[in-house]
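Every chain is numbered from 1, with letters handed out A, B, ... down the list of sequences.
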2 protein chains.
Amino acid sequence: MTVPGPQDPPPALPDGGLRIVALGGIGEVGRNMTVFEHGGRLLIVDCGVLFPEDEQPGVDLILPDFRPIENRLDDIEALVLTHGHEDHIGAVPFLLRMRPDLPIVGSRFTLALVAAKCKEHRQDPVLVEVAEGQRSAHGAFDCEFFAVNHSIPDALAVAIRTPAGLVLHTGDIKLDQLPLDGRLTDLAGFSRLGDEGVDLFCVDSTNAEVPGFVVPEREIGPVLDGVIAGATQRVIVACFASHVHRVQQVLDVAVRHERRVAFVGRSMVRNMAIAADLGLLNVPDGLLIDMDSASSLPENEVLFVSTGSQGEPLSALSRMARGEHRQIDIRQGDTVVLASSLIPGNETAVFAVVNGLVRLGAQVVHQSNAKVHVSGHAPAGELLFLYNAVRPSNVLPVHGEWRHLRANAELARQTGVPADRVVIAEDGVVVDLVDGKAETVGRVEVGHVYVDGLSVGDVGESTLSDRLILGEGGFIAINVAVDHTSGRAVAPPTVSGRGFSDDPKALESVVPLVEMELARTEAEGIVDTHRIAQAVRRVVGRWVAETYRRRPMIVPTVIAV
Amino acid sequence: MTVPGPQDPPPALPDGGLRIVALGGIGEVGRNMTVFEHGGRLLIVDCGVLFPEDEQPGVDLILPDFRPIENRLDDIEALVLTHGHEDHIGAVPFLLRMRPDLPIVGSRFTLALVAAKCKEHRQDPVLVEVAEGQRSAHGAFDCEFFAVNHSIPDALAVAIRTPAGLVLHTGDIKLDQLPLDGRLTDLAGFSRLGDEGVDLFCVDSTNAEVPGFVVPEREIGPVLDGVIAGATQRVIVACFASHVHRVQQVLDVAVRHERRVAFVGRSMVRNMAIAADLGLLNVPDGLLIDMDSASSLPENEVLFVSTGSQGEPLSALSRMARGEHRQIDIRQGDTVVLASSLIPGNETAVFAVVNGLVRLGAQVVHQSNAKVHVSGHAPAGELLFLYNAVRPSNVLPVHGEWRHLRANAELARQTGVPADRVVIAEDGVVVDLVDGKAETVGRVEVGHVYVDGLSVGDVGESTLSDRLILGEGGFIAINVAVDHTSGRAVAPPTVSGRGFSDDPKALESVVPLVEMELARTEAEGIVDTHRIAQAVRRVVGRWVAETYRRRPMIVPTVIAV
């Protein structure tokens, strides 16, 4: 495969320079983690997870690749977290396993979510709380924090000052000019930085392909109000468990229409309790009830706020759609609102949930038929405002697939950043900022690190490739016992298939085929079990390809007794 | 699972009534096949395939379930095909295997595609060509055909007259009022039928959730022109291999910008040859060249029209995106246009192709960043025109998932069709039209029929469920040989895993565990190989769940020697 950019290990970082390497998050959407190096010391921004796709079956999570820093753990001054989404904090416990005393720097809500996550991992991290307008020094890295508007409260951008220059990292960002909580993205602060001179601007690319501007979050409230005003039975609203402002609007509408509210889903219950504790979610007394009480209320006096908006098969909403939920059975006339994005790759699962709910008689409102969701990421129009405020010398698009990175790069160029100062990188590409100029100087190896069950890293490409073969075609196992001196079969071979056919006779002709082959290997004096296994694999593989035109895994086992 | 509607087998069809059962295509998008019954005789409309999703791994195609008609093959008067898309004709060869002399009725282009398909299956079908404005009688079924505009030429709607009443089936339909070929959907003809009185209207639901109208196909031409005018290197346009009008516009633009054209992909080459033969595609002399000639032309004098717009991994476009195509290596400055829809479920694959192309330096134009595709299905605004022209007594939404069917039903009601005359069915639901009233009267069993390689139907739910388990977690195979009288192990057990772990030591502790268990079964005097296998499965399953929290398939094999 042709790979753009440099392929070699990078040269030593020149004295006084700043080095930037993403261990995740550039060239993909998720597992954001960027390492900054100056004077032999490191600062990390974000440490998130990526959720697996079809080509990674059985994988629970994908982590950033820590290998480039695993021998330099003591060099890390701090981990700065821009906000509390899983793709920015999800891998924190895995990094803490390697360096338990690593200072973790973030806003109050972000750290509360990190603390809850670490508690589940029985970890007790060192947390350093910061807020917009504050500065904190971590070795030679002088950090300044700026309020940022996103689909979770308390998000921050971070400016990092070193002798090599000033870097501004947006984290995830948008520019809602009428935010629900009044907390604007600090464009004025960014402009001040621009006056000072931003040497490198790392910019969220997620929506760079989308033209225009995002509608304010607050415009969703009246839409929800209209939907819920018209509902005569139960209402279920599904959204992300960290989208406090979205949930706030749902609660406000519930109050207005005299419905009590029950939270459904472990993360929804947990996060909203944290948000309410921190004063980020306003919950009127007596509004919340538990599921059992909700089930006993009249149908037009209750509203459920649920997880499961991405069609996760084990979620409460999916179980409702299949008619398998213990407490909530969807009936003709119920209303379900998916107040959420449709993350690419989840379409089939989400529409399966929608179809299941519709089939049971529910009215389902989602972003394709009503304005019940707005994105949390700045589209092209808003990104232009950012570039014009910051006026950066160099730009590094982050958070995005290649199509997003290129689109973002093009926007930077349109605002006047010279083309050779817009650096498109991907995970592992090493970018050095030296004498005010950023350029790619090399590449370190960065792969996918898979979490499957309790273990990290033992599932790799070879296991996944076997899973894909098994998942497509199943396997045919042939067991043979031969005498260890003569190579003669001491019992008839057994043949069994799994994931191959529902027809019990499908493999009937394999036994005589294998017996014939064993007679041949015996006649040739072959006693080596590996060679016998190879012969068996060959005849069975050829037979199945000719007879069925399929490619199951052929698994011969030969025991010498 | 709660299933709406009747669950029982239907009663006998009353004399003079018409019975309608979908064997595919209602409650899903694909494998359209509707059976009409009157006076003991059958007429079938369409016979298509469905493409599998993630839950159907390894499956090549999904067929309609022929079981409800397999004992009545001689009762079938004819198979009427509305148009030549795979989801309407793809299963024809499989039906012909059961009834080779079945008359197949359709338009010229539709039958040409069917003939090409049947030739690949070495079949020689009985073809009955019809055209808009014509009638053809098939037993008691008197069919009249109407021109319909869709994303393939020569599509037809069919009106079926029987003594039970008049049925109008749209097939796939839209109402482009400025079609490229001047062949309008015959709304005037539909109005005439409406005057006569349409007893049952079967209506395409695909876009019923989408508000408004489809932009005319001809508006894509100028967009393509703009893109190709600005291209200085190679241009590759990917689209569906049956979308003759789309390809025509690409050819016209190529001529205008003095580029020669090469078709890439077997189905593209085949279908465009058929279309040109039938005068549906206008190809100026000397425009077409083959791939080898194309590779040797200057880059700004060539344009490729390719398949692969849905991210099919083996397609030419996917290979280009991975840098693995033999003749076309994408370079900085090349232009790729995906002039196609993004079929739900294909997003991940399509964006992988887009990202791969962008990464290699191509400019990629697709429907998210330019108007290079319009849908072939009528959205809500156009469906209202249809209902108001036809003024049906009863409506049966077809071609759609539940969300589409409900949305379409709602449109019918809004135009004045009484709610109890709008019948929402799904595959297998039996609808009877008796005395001018349509209602569901029962249900016949209709499942998914899978084609995997050469065989049909032997891969069923049990095989698929095994494939899903194997694909998620792989398997651990334990092979044991015991003495058939004592139950004592005659050789050390062998343990091997595939798709479980990359770590060669991952299963090290399984052998002693199994040995301990075999000692126990031997001590208890157990010699039955099934019981020994069960014991082995239990201890290994428990061990892997506790140690790894994973669920591989555990496959013990015990041979008695």
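- The candidate with the highest count of non-hydrogen atom pairs below 4.5 Å against chain A, out of B:Leu454, B:Asp502, B:Asn479, is B:Asp502.
- Using a 4.5 Å cut-off between heavy atoms, B:Asp54 contacts chain A through its side chain alone, with no backbone atom that close.
- At a 4.5 Å heavy-atom cutoff, the contact between A:Ile559 and chain B is made by side-chain atoms alone.
- The parts of B:Ser501 that come within reach of chain A are both its backbone and its side chain, each placing non-hydrogen atoms under 4.5 angstrom from that chain.
- Interface residue A:Gln332: only side-chain heavy atoms are found under 4.5 Å from chain B.
- If you measure heavy-atom distances from B:Glu28 to chain A, you find no contacts under 4.5 Å at all.
- Most heavy-atom pairs under 4.5 Å with chain B, from the set A:Gly27, A:Gly345, A:Gly460: that is A:Gly460.
- Contact between B:Arg498 and A:Leu470 at its shortest, heavy atoms only, is O-CD1, 3.8 Å.
- With a 4.5 angstrom heavy-atom cutoff, A:Ser462 touches chain B via backbone and side-chain atoms both.
- Separation of atoms CG (B:Leu405) and CG (A:Asn355) is listed at 8.5 Å; rounding is to 0.5 Å.
- The candidate with the highest count of non-hydrogen atom pairs below 4.5 Å against chain B, out of A:Pro344, A:Gly497, A:Gly473, is A:Gly473.
- A distance of 13.5 Å separates NZ in A:Lys505 from CG in B:Asp458, rounded to the nearest 0.5 Å.
- The candidate with the highest count of non-hydrogen atom pairs below 4.5 Å against chain B, out of A:Asn369, A:Thr557, A:Val561, A:Thr547, is A:Thr557.
- Looking at B:Val555, only its side chain comes within 4.5 Å of chain A, counting heavy atoms on both sides.
- Closest of all the heavy-atom pairs between B:Phe500 and A:Arg467 is O-NH2, 3.8 Å.
- A salt bridge is absent between A:Arg549 and B:Asp60; no separation between the charged side-chain nitrogens and carboxylate oxygens falls under 4.0 Å.
- Only the side chain of A:Glu53 has a heavy atom closer than 4.5 Å to any heavy atom of chain B.
- Interface remark: A:Glu472 contributes backbone and side-chain atoms alike to the contact with chain B (heavy atom separation under 4.5 Å).
- Heavy atoms closer than 4.5 Å to chain B are found in both the backbone and the side chain of A:Asp503.
- How far CZ of A:Arg359 is from CD1 of B:Ile424: 11.5 Å, rounded to the nearest 0.5 Å.
- For chain B, the option among A:Val490, A:Asp452, A:Thr348 with the highest count of heavy-atom pairs below 4.5 Å is A:Asp452.
- Contact tally against chain A (heavy-atom pairs below 4.5 Å) for B:Gln56, B:Glu401, B:His404: the top residue is B:Glu401.
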Evaluate the criterion side-chain contact (heavy atoms from CB on, under 4.5 Å) for residue pair B:Val364 and A:Arg406; output intermediate values, then yes/no.
CA-CA 10 Å; B:Val364 182; A:Arg406 283 246 195 249; over 6 Å; no
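- Interface residue A:Tyr548: backbone and side-chain heavy atoms are both found under 4.5 Å from chain B.
- Per-residue counts of heavy-atom pairs under 4.5 Å with chain B were compared for A:Ala491, A:Gly58, A:Pro492; the largest is that of A:Gly58.
- Taking a 6.0 Å sphere around CZ of A:Arg537, one finds it holds more than 12 heavy atoms contributed by other residues, nucleotides or ligands.
- A pairwise comparison of heavy atoms in A:Ser455 and B:Arg550 identifies OG-NH2, 2.5 Å as the closest pair.
- If you take CD on A:Glu347 and CG on B:Asn346, they are separated by 9.5 Å, rounding to the nearest 0.5 Å.
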side-chain contact (heavy atoms from CB on, under 4.5 Å) between B:His366 and A:Glu209, intermediate numbers included
CA-CA 11 Å; B:His366 51 92; A:Glu209 282 192 314; 3.5 Å; yes
